[in-house]
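Since the structure comes first, as structure tokens, the remarks are kept for the end.
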Amino acid sequence: MAYMYSVSFDIPRERMKELEIGSALERVLGYLRALLPAEPGFTTVRALHSVDEDNRVSVLVESIWETWDDLVEHRSSSFAEDKVLNEFEPHVEIGDLDARVYEEVD
């Protein structure tokens with residue numbers, strides 16, 4: 001059974017350049033991709049952003065964990081996505097972070 005840890009937030013469309021290669025937010029997302037594979041039970045991580053035409057861009061970071069215990073351990077580590085993104089303030093407003101946990105449906 002796999003478990004997904006999902007963290008999402010919105011940024012104004014005019015800040016979209018922060019997701020481009022080499023920009024600050026893109027570097028933080030790359031940092032997560034580099035560090036998470038060393039965590040026990042890690043399966044994969046991906047970062048996505050919305051492409052619809054409204055004023056805000058939704059950014060989603062999701063990681064997959066093998067067991068519930070692996071996910072619980074990850075959430076308490078300093079590498080948890082919401083903790084890393086909180087350190088990225090003021091680019092990401094802490095109140096905008098939405099963290100959720102999902103269990104794979106068999």
Side-chain angles (χ1 to χ4, degrees):
M1 181 81 51
Y3 295 89
M4 181 178 70
Y5 188 53
S6 167
V7 177
S8 62
F9 58 95
D10 291 343
I11 59 172
R13 184 151 302 279
E14 58 269 11
R15 289 181 46 203
M16 185 67 180
K17 64 182 179 291
E18 293 178 18
L19 291 170
E20 294 173 359
I21 293 176
S23 65
L25 183 52
E26 190 274 340
R27 283 193 309 268
V28 169
L29 297 174
Y31 174 76
L32 282 168
R33 287 187 188 123
L35 291 178
L36 291 180
E39 296 279 282
F42 171 83
T43 302
T44 190
V45 64
R46 63 184 183 168
L48 306 105
H49 68 80
S50 63
V51 293
D52 40 2
E53 296 297 323
D54 62 2
N55 288 336
R56 300 194 64 75
V57 174
S58 293
V59 179
L60 171 68
V61 181
E62 59 182 27
S63 57
I64 309 293
W65 302 89
E66 291 177 9
T67 69
W68 177 251
D69 290 339
D70 295 333
L71 176 63
V72 169
E73 184 72 22
H74 169 64
R75 288 187 77 182
S76 66
S77 83
S78 61
F79 298 138
E81 294 87 331
D82 53 337
K83 291 177 185 168
V84 171
L85 288 165
N86 278 337
E87 295 297 319
F88 192 60
E89 193 180 21
H91 298 283
V92 174
E93 295 181 24
I94 293 173
D96 289 343
L97 287 179
D98 182 29
R100 295 181 179 255
V101 175
Y102 297 90
E103 180 179 35
E104 185 175 32
V105 177
D106 286 333

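Every value quoted in this text rests on a predicted model; they were computed, and no experiment measured them.
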Inset, instruction - Show your reasoning for whether ring-ring contact (aromatic ring centres under 6.0 Å, His included) applies to Y3 and W65. - result: CA-CA 5 Å; Y3 295 89; W65 302 89; over 10 Å; no

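Linking ILVMFWY residues whenever their side-chain heavy atoms come closer than 4.5 Å, directly or via other members, places V72 and F79 in the same cluster. When hydrophobic clusters are built by joining Ile, Leu, Val, Met, Phe, Trp and Tyr residues whose side-chain heavy atoms come closer than 4.5 Å, directly or via intermediates, V101 is grouped together with V84.
To the nearest 0.5 Å, the span separating CZ on F9 from CG on L60 amounts to 9.5 Å. Interatomic distance, OH of Y5 versus CD of E81, reported as 6.5 Å (0.5 Å rounding). Once rounded to the nearest 0.5 Å, the distance linking CD of E103 with CG of L71 reads 10.5 Å.
Taking the side chain as every heavy atom from C-beta outward, S63 and M4 never approach each other to under 4.5 Å.
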Donor-acceptor pairs are to be reported for all side-chain atoms of residues 30-46 against protein atoms at under 3.5 Å, with residues two or more places apart or in another chain.
unit_1	atom_1	unit_2	atom_2	d
E39	OE1	S77	OG	3.3
R46	NE	E62	OE2	2.4
R46	NH2	E62	OE2	2.7

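Under the side-chain hydrogen bond (donor to acceptor under 3.5 Å, both in side chains) criterion, T67 pairs with D70, sequence neighbours left out. With sequence neighbours excluded, no residue forms a side-chain hydrogen bond (donor to acceptor under 3.5 Å, both in side chains) with E73.
The heavy-atom pair separating V7 from D82 by the smallest distance is CG2-N, 3.9 Å.
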